[in-house]
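If you read the sequence from its start, that first residue is 1, and numbering goes on from there. All of these numbers come straight from a predicted model, not from anything done at the bench.
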Amino acid sequence: MSTPTIGPPERDPADVAPADSYRKADLVWVYRDGWRAGIIEAASRYAVTVTYRPGSNPGTGVDTFTAPYVTRRADEDPALDRRSPAGLAMRRPYA
């Protein structure tokens with residue numbers, strides 16, 4: 001699935017997965033000034049905590065989102081998804 005094309009208010013409620021259906025390390029899209037690649041850190045009945053890329057830079061942010069602002073992601077984000085077993089982003093040396 002590629003980047004979603006509609007914002008959270010336009011999503012069909014039947015297409016919104018409950019927040020507690022997500023598990024740690026699930027790949028997701030989160031809506032923050034547009035859809036951004038993210039990874040679930042924690043989930044509760046009401047919301048999820050996600051590490052995500054807030055822009056085109058390699059840095060990350062962590063925030064909490066309610067279910068309409070999250071959807072599953074299949075596309076890999078090389079800057080975000082390449083993590084060590086400890087969950088830390090891996091840095092590759094310059095060639």
Practice task
Begin with the C-alpha distance, continue with both residues' side-chain angles, and end with the deciding distance and a verdict on side chain to side chain contact (heavy atoms under 4.5 Å, CB included) for Ser2 and Asp75.
Solution key: CA-CA 6 Å; Ser2 59; Asp75 299 341; 3.9 Å; yes
Practice task
State, yes or no, whether a side-chain contact exists between Val48 and Lys24 at a heavy-atom distance under 4.5 Å.
Solution key: no
Practice task
Answer yes or no: are there more than 12 heavy-atom neighbours, outside Phe65 itself, under 6.0 Å from its atom CZ?
Solution key: yes
Exercise for the section: Search all heavy atoms of Ala67 against all heavy atoms of Ala17 and return the closest pair with its distance. Expected result: CB-O, 3.3 Å
Practice task
Report yes if the side chains of Arg72 and Ser21 come closer than 4.5 Å at any heavy-atom pair, otherwise no.
Solution key: yes
Exercise for the section: For Thr49 and Glu41, test the side chains for any donor-to-acceptor distance below 3.5 angstrom and give the result as yes or no. Expected result: no
Exercise for the section: Could you pull out the closest heavy-atom pair between Ala19 and Ala43, with the gap in Å? Expected result: O-CB, 3.5 Å
Exercise for the section: For the pair Arg53 (side chain) and Gly59 (backbone), establish whether a donor and an acceptor sit closer than 3.5 Å, ignoring hydrogens and angles. Expected result: no
Practice task
Would you indicate whether Asp12, at its atom CG, is surrounded by more than 12 heavy atoms from other residues, nucleotides or ligands within a distance under 6.0 Å?
Solution key: yes
Completion exercise
For Ala37 and Asp77 the tightest heavy-atom approach is CB-OD2, 3.3 Å
Handout entry: Min side-chain heavy-atom separation Arg11-Ile6 under 4.5 Å
Key = yes
Practice task
Could you state whether Val16 and Val70 fall into the same hydrophobic cluster, counting links through intermediate Ile, Leu, Val, Met, Phe, Trp or Tyr residues with side-chain heavy atoms under 4.5 angstrom apart?
Solution key: no
Problem - Stepwise side chain to side chain contact (heavy atoms under 4.5 Å, CB included) test for Val28 and Tyr22 - result: CA-CA 9 Å; Val28 294; Tyr22 294 99; 3.7 Å; yes
Practice task
Report the C-alpha separation of Val30 and Asp63 in whole Å, then their side-chain angles, then the decisive distance to 0.1 Å, and conclude whether the side chain to side chain contact (heavy atoms under 4.5 Å, CB included) test is met.
Solution key: CA-CA 10 Å; Val30 295; Asp63 212 338; over 6 Å; no
Practice task
Mark yes or no for whether Trp29, through its side chain, and Tyr69, through its backbone, hold a donor-acceptor pair below 3.5 Å.
Solution key: no
Completion exercise
Between Gly61 and Pro54 the two heavy atoms that sit nearest each other are N-CD, 3.7 Å
Problem - Flag side-chain contact, heavy atom, 4.5 Å: Val62 against Thr60 - result: no
Handout entry: Trace of the side chain to side chain contact (heavy atoms under 4.5 Å, CB included) decision for Arg73 with Ile39
Key = CA-CA 9 Å; Arg73 170 173 64 93; Ile39 299 175; 4.0 Å; yes
Exercise for the section: Would you check if Trp35 and Thr71 make a side-chain contact, meaning some heavy-atom pair closer than 4.5 Å? Expected result: yes
